Novice: 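Quick one: this structure, given as structure tokens, is what I'll be asking you about.
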Amino acid sequence: MEQVIVNGAILGMNYALIALGLTLIFAIMGVLNFAHGQMYVLGGFITYYVVTQLGLGFFVGLIASVVVLGLVGLLFERAFFRRVMRTAAREESTMLLAVGTAQLLESVILIVFREKQRSIPAVVSGVYEVFGMYIPAGRAFVFGVAFVALVTFILFMQHTRPGRALRAIAQDREVSTLQGVNIDRYSALGFAIGAGLTGLAGSLLVSIFAVNSGMGTSISIKAFVMVMLGGAGVVSGAIAGAFVLGFSEAAGYAYIPGQVTYLLIFIALIVFLALRPHGIMGKPWG
Amino acid sequence: MLVRSPLGPAEIVQLLESLPDAPRQVPVWTIVLSRHQSLADRQRLIQAGARHLLSMPVDDATLSRVVRAALVDLATSKAIQDYVASHQSAVGRMLSAVFEIRTMDEAQKLSTMLATNCPVPEKVALVAAVAVGLGLSAEPAVAQGKVLKIGQIGVMSGPAAAWGLINKYAAQAQTKMVNEDGGFDIGGTKYKVEILSVDDKMDPRVAIAGTERLIYEDGVKYIIGPNVDEDSRAIIPVLAKGGAFNISYGWLRELFSPPSTNTSLGMIAGYQSAPVIYKYLKDTKGIKTLSCLPRNDASGLDSRDNCVAAAKELGLKILSSDSTYEPGTTDFFPVVGRVIKDQPDLLVLSGVAPADAPLLIRAARELGYKGLMSTETAMDAKILTEGAGKGANGYISVGGASTPDIRTPYMERFIKEYEKVAGEWNDEAGTKVYALEMILQTLRAAGPEGITNVDAFLKAMPKVEVDNPFVKDKSIKLKWIGDSYFHQTRQVRVPMVVTEFQDGSFKTLFIGTVE
């Protein structure tokens, strides 16, 4: 049981990092970023490249991943989404565009980084055994950094001017405009931060998991589950959704046959959304 | 002309310049082998007429490739033929003779003969002078513009992209080698090989459409792939209708058993290697218990069933077989924790994808598992090293021909070509190198008719038995097997190279056979 709690907590924190970027972009832009998983993969590959090919330290790789993904997010928003959102009459257009960017990123990653799975050595090695629970040092390290990143992000959103502007846009785009918020600038910033957070997740997790060019879609699906569970567009909801999924997985794999673990998770999700379509922390009015 | 000098490059330059007809004036390939070649030496040798500079020691395969390319040039160059017809000098006399060299022994004998005609025999040993004159009728003609199209279909995008891409890169690398050697001789005509690839996206519908395209639009009769059971099963009717044949990497027995006739297994299936590996571990390591951990998809669950059946057969106690993990899982801690809580002697990662294996191994080791781990599939050493580090030491898997202690120079050459095509070597490709070779060897046995008629190919299959060019052990012949499993010879005889991972590379434990 203790090990299940440890596994669930670590899994939940990892998932929270993945879900945050997705929910932020959804909140600011109203776009379901289908390329989210591919951005995560790109973040992992950049860190891999910096650490193993350039021989630089992990933290250099981490910064490189965040910066590059931030720029990719900025590029996507400026070159694709802003343009389409202005001109398209139907909301599905942005969805199709998001699917297209996912395919684009996946192909580029496959061409540049090839087909092999990549990972880097754990930043901190060793395993702690506490009261019969196994806690690998690498996971504890990722947990710690992810926690710091999470807190920093929440503080940024709550107590800085750009953070307040982003929250205002998330609540009501039109009213924010009337209040003098520069929508274009803050949409771009929001997309860049969302993508940068995803890069951070990919960078951190490549040290305890691995990345390969084709895993983006499954990451996106899990991120969608977390976001829908917690309430689309709500930061605290994404974190809650991530921990619910993390603990469900950990407990499911521990106590029920693996073949039905995810089946039960999806059944529970369907039932839950039927009863509470706006998720754990979402508001019924959107 | 092939020149090997016991002296330095300077002496070879002197020799080339002192020949009555200096090679730079002769439109014939001059191949120079020497030990130390600086950049300046190489420039001087080229200026003196050398066409190819090889550093010694040179392996047979490289030398053979260069000589064959020279032969092709000699056979087709009008300038050379005109030169031979008009000159009676030393070089001209060599060129006017017809020499056919097939082995290095023949080359040595020829060199002795030619040395007597060399203008400066005391200074240089001519190892072989290859000269093909006008009487080329006995030499296989390179079919002008004749191309043998081979299809390759497999998953080359998405999570399992590595499987199909390895097939593609392996086929491309081998094709490059065959074409550089002048093409593949079938019935006295040499064919250049061309690979046409289709990504089936691991979707049976796409596999069907892709196979139809290869057969009807590209005129392909022989196909390498697909990689998985579902796609392989889907294209069987297409192959039968279109009169085509494929070498599949799916494992299902029904694919290769009657009434299916046009599909062959290109590797060793898990149900063939599992009993062999478990028996080896039972006999040598004394294992008594095992747990099987498959991925939750058709191939993984099938491998799990095979794992259970093989373990029961050997009297091993199965502690766990109902745990699975979802495709796309990144964190294996929870699932591995459940499986190893009983501490089995052997943890079998049933049909595991190379991408998942290091994460599963790392999770098991971090959770304190000290027992053995194995799989029935091929792995890549670099992926294991990066993902699991020393935790993967002792991990047992099935390789192809890539372990250094068993591979031939030809396999070394294949690895180099693969690196050029794919960017870096992948040990899994050692199991994928056989498909194209078997198709070509069987076409040679079937004769030109087999190129367009798969029935002729099928009839020739039992007759094929040639040296395996990839492994040193000459007793391991390349042929079609599979009667005992499929009631017909529908499996490539890939040697079952059981390997153990140790400190970044694979060591051969033993070479088994499925026969």
Side-chain angles (χ1 to χ4, degrees), chain A residues 3-4 6-8 10-11 14-15 18 37 40 48 52 103 106-107 110 113-122 125-127 129 134-139 205 208-219 221-222 246 249-263 265, chain B residues 155-166 168-169 202 293-296 301 320-339 341 353-359 362-363 365-369 380 382-390 422-424 426 428:
Chain A
Q3 190 67 49
V4 171
V6 169
N7 292 347
I10 292 174
L11 210 51
N14 296 339
Y15 284 167
I18 294 172
Y40 166 90
Y48 167 82
T52 63
Q103 295 290 325
E106 186 165 313
S107 300
L110 184 59
F113 295 103
R114 299 283 184 158
E115 78 288 357
K116 273 194 181 183
Q117 169 129 323
R118 301 296 188 191
S119 56
I120 61 170
S125 56
V127 179
E129 193 177 347
Y134 290 95
I135 308 170
R139 284 166 184 257
L205 297 184
I208 54 171
F209 304 147
V211 288
N212 64 66
S213 58
M215 69 188 293
T217 304
S218 59
I219 296 285
I221 290 170
K222 274 194 179 173
E249 250 187 52
Y253 280 132
Y255 300 117
I256 52 180
Q259 274 166 273
V260 292
T261 298
Y262 250 84
L263 179 69
I265 287 174
Chain B
V155 46
M156 287 179 273
S157 56
W163 290 346
L165 286 171
I166 290 168
K168 179 182 173 180
Y169 296 151
M202 216 154 83
L293 178 58
R295 188 154 87 157
N296 189 20
L301 297 176
S320 163
S321 64
D322 62 349
S323 288
T324 62
Y325 53 91
E326 293 304 306
T329 299
T330 49
D331 192 344
F332 291 92
F333 230 57
V335 67
V336 171
R338 175 185 161 98
V339 177
K341 71 175 189 299
D356 294 335
L359 303 180
R362 190 198 274 194
R365 294 299 182 216
E366 286 179 340
L367 283 165
Y369 178 64
D380 179 58
K382 191 168 182 192
I383 293 176
L384 282 174
T385 306
E386 286 177 358
K390 287 197 179 297
E424 68 177 274
N426 189 325
E428 274 188 272

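Just so we're on the same page: letters track the sequence lines, and every chain starts at 1. We use all heavy atoms of the structure for the numbers below, so side chains are in, but hydrogens, waters and symmetry mates are not. Source: prediction; values computed, not measured.
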Novice: Main chain of Pro294(B), side chain of Thr324(B): is a donor-acceptor contact present, judged purely on distance under 3.5 Å?
Specialist: no
Novice: Are Arg139(A) and Phe333(B) in a cation-pi contact, defined as NZ or CZ under 6.0 Å from the six-membered ring centre and within 45° of the axis?
Specialist: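 Geometry flag: set, cation within 6.0 Å and 45°.
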Novice: Can you tell which part of Ile120(A) gets under 4.5 Å to a heavy atom of chain B, answering side chain, backbone, both or neither?
Specialist: backbone
Novice: Salt bridge between Glu424(B) and Arg114(A), side-chain N to carboxylate O under 4.0 Å?
Specialist: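 A salt bridge is absent here (no side-chain N lies under 4.0 Å from a carboxylate O).
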Novice: Give a yes or no on whether the backbone of Tyr134(A) and the side-chain of Gln3(A) come within a donor-acceptor separation of less than 3.5 Å.
Specialist: yes
Novice: With chain B as the partner, which of Thr52(A), Ile208(A), Ile10(A), Ile221(A) has the greatest number of non-hydrogen pairs under 4.5 Å?
Specialist: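 It is Ile208(A).
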Novice: Relative to chain A, which segment of Leu359(B) carries a heavy atom at a distance below 4.5 Å: side chain, backbone, both, or neither?
Specialist: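 Only the side chain of Leu359(B) comes within 4.5 Å of chain A.
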Novice: Below 4.5 Å from any heavy atom of chain B, which atoms of Tyr255(A) appear? Answer side chain, backbone, both or neither.
Specialist: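 Only the backbone of Tyr255(A) comes within 4.5 Å of chain B.
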Novice: So which part of Lys341(B) gets closer than 4.5 Å to some heavy atom of chain A, the side chain, the backbone, both or neither?
Specialist: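 Neither part, no heavy atoms under 4.5 Å.
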Novice: Between the side chains of Lys222(A) and Glu249(A), is the shortest nitrogen-to-carboxylate-oxygen separation below 4.0 Å, so that they form an ion pair?
Specialist: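 Yes, this pair counts.
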Novice: Pick one of side chain, backbone, both or neither for Leu205(A), based on which atoms fall under 4.5 Å of a heavy atom in chain B.
Specialist: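 For Leu205(A), no heavy atom lies under 4.5 Å from chain B.
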